[in-house]
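See structure below.
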Amino acid sequence: MTNISTDEHELIMIAQRTNDIELLKKLSRSQYTNVRRVVSKNSKTPKEIIDKLAYDPVQNVSYTALMNYKCSIKRDMSVFVQKCVLCSKNEATYKTECRKCS
C-alpha cells in the first residue's frame, strides 16, 4: 500500500482492522497519538512494535503498549495516573466521547 490516508479518523479505523504487519509498522510512526495508541492495542501488532511503543513519549500510547500482553518491557506503571491515559474509550469515537469527560 503506497498511498495512505492522512485523515486521523480513517487511520484509526485502519489501525483497528488491519493485520498487515508493514502497515502496522508504518502506522506505529503516525503523527497522531490515537493512531499509535490503536496500533498498540491491535492484537496483530508484533511484539517488536509493541515494545517500541512502550517508550512512546506520549503516555496514552506507552501505557496501552505496556498493557499489551505481547509487551516485554517492564516500567513503573504508577506514573500513569492521568484520567485520559487510563481511559478505555474507543479511539474512533474520542472526538465525541471525550467532550463528555469531566
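Here, residue 1 is the first one in the sequence, and each next residue gets the next number. Keep in mind it's a predicted model, so treat the numbers as computed, not measured. Heavy-atom basis, side chains included; hydrogens, waters and symmetry copies ignored.
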Looking at Lys70 and Asp51, what are the two nearest heavy atoms and their distance? O-OD1, 4.2 Å
Side-chain contact test, heavy atoms from C-beta onward, threshold under 4.5 Å: evaluate it for Arg75 versus Ser62 and give yes or no. yes
Checking Lys52 against Ser28 for the side-chain contact (heavy atoms from CB on, under 4.5 Å) test, could you report, in this order, the C-alpha distance in whole Å, the side-chain angles of both residues, the deciding distance, and whether it holds? CA-CA 9 Å; Lys52 284 181 184 174; Ser28 75; over 6 Å; no
Going by distance alone, is a donor N or O of one side chain under 3.5 Å from an acceptor N or O of the other, for Ser40 and Asn68? no
Answer yes if Ile14 and Tyr32 sit in the same cluster of Ile, Leu, Val, Met, Phe, Trp and Tyr residues linked by side chain heavy atoms under 4.5 Å apart, and no otherwise. yes
Between Arg17 and Met13, is a side-chain contact (heavy atoms from CB on, under 4.5 Å) present by the stated rule, with each step listed? CA-CA 6 Å; Arg17 296 181 182 132; Met13 301 306 290; 3.0 Å; yes
Looking only at heavy atoms, the pair that brings Val39 and Ile50 closest together is O-CD1, 4.1 Å
Heavy-atom side-chain contact between Lys47 and Cys71 under 4.5 Å: no
Are side-chain heavy atoms of Asn60 and Thr64 found at a separation under 4.5 Å? no
Distance from Gln16 atom CD to Leu11 atom CG, nearest 0.5 Å? 11.5 Å
Minimal non-hydrogen separation, Leu53 against Arg36, with atom names: CD1-O, 3.9 Å
Does Thr18 use its side chain to pair, donor to acceptor, with the backbone of Ala15 at less than 3.5 Å? no
If you compare all heavy atoms of Ala54 against all heavy atoms of Ala65, which two are closest, and at what distance to 0.1 Å? N-CB, 3.5 Å
Identify the heavy atoms of Asn19 and Lys44 that sit nearest to each other, and give their distance. CB-CG, 3.6 Å
Taking all non-hydrogen atoms of both residues into account, name the closest pair between Asn42 and Leu24 and its distance. ND2-CD2, 3.7 Å
